[in-house]
Amino acid sequence: MPGGKTLTITTPEGISFSMPLAGPISRFLAWCIDCACVVLLGTAVGVLVSLLSIVSGDVAQALGVIGYFVLSIGYRIFLEWKWRGRTLGKRLLRLRVIDVQGMPLQLNQVIIRNLLRAVDSLPLFYVVGGVACLLSARSQRLGDLAANSAVIRQPRAREPDLRQVLPGKFNSLRDYPHLCARLRHRATPQEAGLALRALLRRETLDPEARIELFAGLATHFRALVQFPAETTEGVTDEQYLRNIVDVLCRGSEAREDRPDGPDGIVA
């Protein structure tokens with residue numbers, strides 16, 4: 001929500017970006033969903049274990065207690081590790097657990113934060129964990145503090161407005177459709193998304209970091225496909241990346257007409 005807490009991450013290149021942190025209410029709702037899943041799974045396991053009561057009631061009861069404990073802890077550990085920081089409840093509410101440096105969780109972090117749920121849930125309904133979230137600058141419960149993790153919100157992605165980065169000027173790379181097709185074949189969606197995000201956030205970057213970032217990205221895409229020298233002559237790295245994103249994100253159908261006169265330069 002606007003005005004909520006954010007997690008600020010600075011890359012080694014000096015580029016900073018922020019991600020919205022999940023608050024106690026959304027995390028509690030996700031926990032309720034996960035609890036319902038655990039209860040349903042526990043009921044199914046209980047039915048299977050009850051069949052053993054025919055042989056030994058004590059053994060069946062002991063296995064039922066152990067099975068429910070393992071399930072209640074293992075459910076979250078397994079899903080957060082398998083789904084990269086998400087359980088079913090977190091997926092439904094678009095939450096994710098990450099390392100505070102922005103990296104995916106390691107297995108030991110997943111285990112630590114989930115084992116400490118026993119403390120965070122005291123005295124009941126996560127009172128300790130909720131208070132810790134409210135007092136923490138990063139909305140971390142005790143398990144998150146111990147595991148160096150944080151829970152972020154992932155708002156539903158909106159279709160980017162390419163007009164912010166592609167003003168509609170002539171793109172000379174499109175004079176070589178076979179090379180454009182090769183570029184779209186070789187560049188991954190992740191690479192295209194990284195280039196687009198860099199252009200969308202360019203105004204928030206420090207000047208030196210901005211120049212360094214676009215120089216690195218331009219070098220990377222030049223290595224993927226080599227366009228004729230006349231298409232890039234006199235073009236800055238940022239302008240070159242605009243042309244690359246135009247090819248990758250707008251496909252082969254967006255062919256601009258060349259403007260008349262000397263102003264028909266590469267955008």
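- Residues forming a side chain to side chain donor-acceptor pair (under 3.5 Å) with R222 (at least two apart in sequence, or on another chain): D237.
- Scanning both residues, L95 and S26, for their nearest heavy atoms gives CD1-O, 3.8 Å.
- Here the side chain of Q109 pairs a donor or acceptor atom with the backbone of A147 at under 3.5 angstrom.
- For R202 (side chain) and L199 (main-chain N/O), a donor-acceptor pair under 3.5 Å exists by modelled atom type.
- Looking at heavy atoms from C-beta onward, W83 lies out of side-chain contact with R96 at the 4.5 angstrom threshold.
- The backbone N or O of A132 lies less than 3.5 Å from no partner atom in the side chain of R141, so there is not a single donor-acceptor pair.
- The two residues E80 and K90 come nearest to each other via the heavy atoms OE2-NZ, 3.3 Å.
- When hydrophobic residues (I, L, V, M, F, W, Y) are linked wherever their side-chain heavy atoms come within less than 4.5 Å, the members clustered with L145 are I112, L116, V119, L122, V128, L142.
- C133 and P24 get closest at one heavy-atom pair: CB-CG, 3.9 Å.
- Checking side-chain atoms of R174 against main-chain N and O of D246 turns up a donor-acceptor pair under 3.5 Å.
- Remark: side-chain polar atoms of T6 are not paired, donor with acceptor, to backbone N or O of T8 under 3.5 angstrom.
- Under the side chain to side chain donor-acceptor pair (under 3.5 Å) criterion, Q106 pairs with no residue, sequence neighbours left out.
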